[in-house]
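Have a look at the structure below, then the notes.
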Amino acid sequence: MAQLKKNLLFVMGNLRCGGAEKSLISLLQTIDYNLYNVDLQLFSVEGLFLKQVNSKVTILPEIQEYHYFDMSLSKALFQALNKGRWDIIFNRIIVAYIFKTEKNLSRCEQRVWKCISKCVKKTPKKYDAVFGFLEKSPVYYAVEKVDAIKKIGFIHNDYEKLEMDKNIDFPYFEKLDFIITDSNECKEILVHNFPSFKEKIKIIFNIVSPALIHKLAEETVQEQFPQGLKIVSIGRLENQKGYDFAVDALKIVKEKGIRFHWIILGEGVEKQKLMQQIAKNNLVENVSFVGIKENHYPYIKYANIFMQTSRFEGKSIAIDEAKIVGKPILVTNFSTVNDQITHKETGYITEMNLQSISEGVIELLQNESLRTLLSNNLSKMTLGTESEIEKIYELLL
């Protein structure tokens, strides 16, 4: 008798960009569809990575009510009134007040969910397991709105650096069967904040495939960039990623007379501010913003240095990708960095200040033998994590 497939649901906000989104795409490419039927629930069915979702995945209709909380108040009230959705009108007004008064962005999202939840129906389908694949709303939706035998939530970052209110998270985490994070350091932080859930907190590393990355990296970079050694950074343009550190550090590098060009892949709320900072530091000719690329691996291969000056991370997929491509990597000493980089063996770790970053950049740019050593060391490592999918299967037993 043929074994019945288990029904799985993954929940995510959207697939615009980001490490968690890439991690989800890789997982969905790796899962065994002979054993599982997989649905994907996005709050908004949009994003660069949509085209990369495995064709065997069923993408469910987006959650229409969510959009009322992602548009202007006047537009939301007008549209809700036309549909007679008094529940949305009432809760959208409360959300407007939260947006205005709650200064902590993470706590704001946590509080807003309680209003969104009152307007969103439960899923009609029953699942063997649901995965809230990102902290906050996807986890909350998985807990409150999905009928599933097992409920699993993912935290992709240093929980404390996210500045979330653990009193809001506690009742949700209590209802999860497992809480998944992607590094040893992140697990320790979760255990410290939620000691009563220690047994259900597990580590599953992000799934990356070296064979696929090397193949995609062979494509050609189309843009023409100015002369000089190339520095590449990838990530959302927001405070967490520490681009402002890099801008000030590179001002020092330029003042030393060193030629370089910095290529930034990403979009985000900090772009205008960064462009102003770049202009102020006389770096306009040294920096190119190229936006979000469906295939960013050729840019990593094109680089002489991969630079990531984050304030905090979970386990950075971008760093893992740069390691696979074999690039010299410069990173700041965020709390989880030692899970991925050993200083002057597999990368270069600086302090989180412009002087240390500039000294690291200068050393890597001027010391070709160090760059070669780092690349050679990376080439000897086994960096594929496709086997992590087995840990997912174990959770479903």
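Note: hydrogens, waters and symmetry copies are ignored here, and every other heavy atom, side chains too, is used. All values reported here derive from a predicted model rather than from experimental measurement.
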Sequence neighbours excluded, every pair satisfying salt bridge (charged side-chain N to carboxylate O under 4.0 Å, His left out) that has a member inside residues 198-219: Glu218-Lys301
Test item: Lys151 side-chain N/O and Ala142 main-chain N/O as donor-acceptor pair under 3.5 Å: yes
Over 12 foreign heavy atoms within 6.0 Å of CD, Glu144: yes
Euclidean distance, Asn333 CG relative to Thr350 OG1, rounded to 0.5 Å: 6.5 Å
Within 6.0 Å of CG in Leu105, more than 12 heavy atoms from elsewhere: no
Heavy-atom donor-acceptor pair, Gln41 side chain to Pro61 backbone, under 3.5 Å: yes
His67, NE2 atom: more than 12 neighbouring heavy atoms under 6.0 Å: yes
Audit row: Leu8, Ile31, side-chain contact (heavy atoms from CB on, under 4.5 Å) steps and yes/no: CA-CA 11 Å; Leu8 310 181; Ile31 203 164; 3.8 Å; yes
Side-chain heavy-atom pair Gln277, Asp248 within 4.5 angstrom cut-off: yes
Intermediate values then yes/no, side-chain hydrogen bond (donor to acceptor under 3.5 Å, both in side chains), Ser316 and Glu313: CA-CA 6 Å; Ser316 168; Glu313 290 286 342; 4.5 Å; no
Cluster overlap Leu42 with Val130, hydrophobic side-chain contacts below 4.5 Å: no
Side-chain (Ser375) to main-chain (Gly326) donor-acceptor, under 3.5 angstrom: yes
From Thr123 atom OG1 to Leu60 atom CG, the distance as rounded to the nearest 0.5 Å: 9.0 Å
Pairs involving residues 317-341, ordered by first then second residue, that meet salt bridge (charged side-chain N to carboxylate O under 4.0 Å, His left out) (sequence neighbours left out): Lys22-Glu321, Lys315-Asp320
From CZ (Phe312) to CG (Asp158), nearest 0.5 Å: 7.0 Å
Glu163 backbone acceptor or donor facing Ser106 side chain under 3.5 Å: no
Any donor-acceptor N or O pair under 3.5 Å, side chains Asp39, Asn7: no
Identified side chain to side chain contact (heavy atoms under 4.5 Å, CB included) partner of Phe49 from the options Met12, Arg16, Glu21: Glu21
Gln240 backbone acceptor or donor facing Arg311 side chain under 3.5 Å: no
Mutual orientation of the aromatic rings belonging to His156 and Phe133 [parallel < 30°, tilted 30-60°, perpendicular > 60°]: tilted
Reported CE-to-CZ distance for the pair Met307 and Phe245, which is rounded to 0.5 angstrom: 12.5 Å
Nearest heavy-atom neighbours spanning Gly13 and Pro138: N-CG, 4.0 Å
Min side-chain heavy-atom separation Tyr68-Val95 under 4.5 Å: no
Modelled atom types, side-chain donor and acceptor of Glu363 and Tyr348, under 3.5 Å: yes
Over 12 non-hydrogen atoms of neighbours within 6.0 angstrom of CD in Glu285: no
Heavy-atom check, side chain of Asn377 versus side chain of Met381, under 4.5 Å: no
Between Glu223 and Ser288, a side-chain donor and acceptor under 3.5 Å: no
Val331-Leu250 co-clustered via ILVMFWY side chain contacts under 4.5 Å: yes
Minimum heavy-atom distance between Phe260 and Leu365, given as atom pair plus value: CB-CD1, 4.1 Å
Nearest non-hydrogen partners of Val337 and Thr332, listed with the distance: CG2-O, 3.6 Å
Non-hydrogen atoms of Ala80 and Ile89 that approach each other most closely: CB-CG1, 3.7 Å
Geometric class of the Phe131/Phe154 ring pair [parallel <30°, tilted 30-60°, perpendicular >60°]: tilted
ILVMFWY network linking Ile203 to Ile189, side-chain heavy atoms under 4.5 angstrom: no
Within 6.0 angstrom of Phe78 CZ, more than 12 heavy atoms from elsewhere: no
For the student: nearest non-hydrogen atoms of Trp86 and Leu81, plus distance: CH2-CD1, 3.6 Å
Neighbour count above 12 (heavy atom, 6.0 Å) for Lys125 NZ: yes
Rounded distance (nearest 0.5 Å) linking atom OG of Ser233 with atom OH of Tyr299: 14.5 Å
side-chain contact (heavy atoms from CB on, under 4.5 Å) between Phe99 and Cys108, intermediate numbers included: CA-CA 7 Å; Phe99 282 153; Cys108 181; 3.5 Å; yes
Verdict with reasoning, Leu395 to Ile180, per side-chain contact (heavy atoms from CB on, under 4.5 Å): CA-CA 10 Å; Leu395 300 182; Ile180 308 302; 3.7 Å; yes
Check: Phe225 and Val290 side chains under 4.5 Å, non-hydrogen atoms: yes
Shared hydrophobic cluster, Val38 / Leu50 (ILVMFWY, side-chain heavy atoms < 4.5 Å): yes
From His261, Lys254, Arg259, residue fulfilling side chain to side chain donor-acceptor pair (under 3.5 Å) relative to Asn286: Lys254
Side chain to side chain, Trp262 and Leu283, heavy atoms closer than 4.5 Å: no
Asn206 and Glu388: side chain donor to acceptor below 3.5 Å: no
Side chain proximity check, Glu345 to His343, heavy atoms < 4.5 angstrom: no
Shortest non-hydrogen separation from Lys230 to Pro226 and the atoms involved: NZ-O, 3.1 Å
Ion pair Arg85/Glu65, N-O distance below 4.0 Å: yes
Asp169 and Tyr159 side chains, donor-acceptor separation under 3.5 Å: yes
Beyond-backbone contact of Gln52 with Glu294, side-chain heavy atoms, under 4.5 angstrom: yes
Co-membership, hydrophobic cluster, residues Tyr36 and Phe178, 4.5 Å side-chain: yes
Side-chain H-bond candidate by donor/acceptor type, Ser44 with Asn14, under 3.5 Å: no
CA sep, side-chain torsions, deciding dist, call: Tyr393, Asp32, side-chain contact (heavy atoms from CB on, under 4.5 Å): CA-CA 10 Å; Tyr393 299 156; Asp32 187 347; 3.4 Å; yes
Rounded distance [0.5 Å steps], NZ in Lys145 versus CD1 in Ile63: 9.5 Å
Carboxylate-amine/guanidinium proximity below 4.0 Å for Asp177 and Lys150: no
Distance-only polar pair, side chains of Glu160 and Asn193, donor-acceptor under 3.5 Å: yes
Main-chain N/O of Trp113 paired to Ser117 side chain as donor or acceptor, under 3.5 Å: no
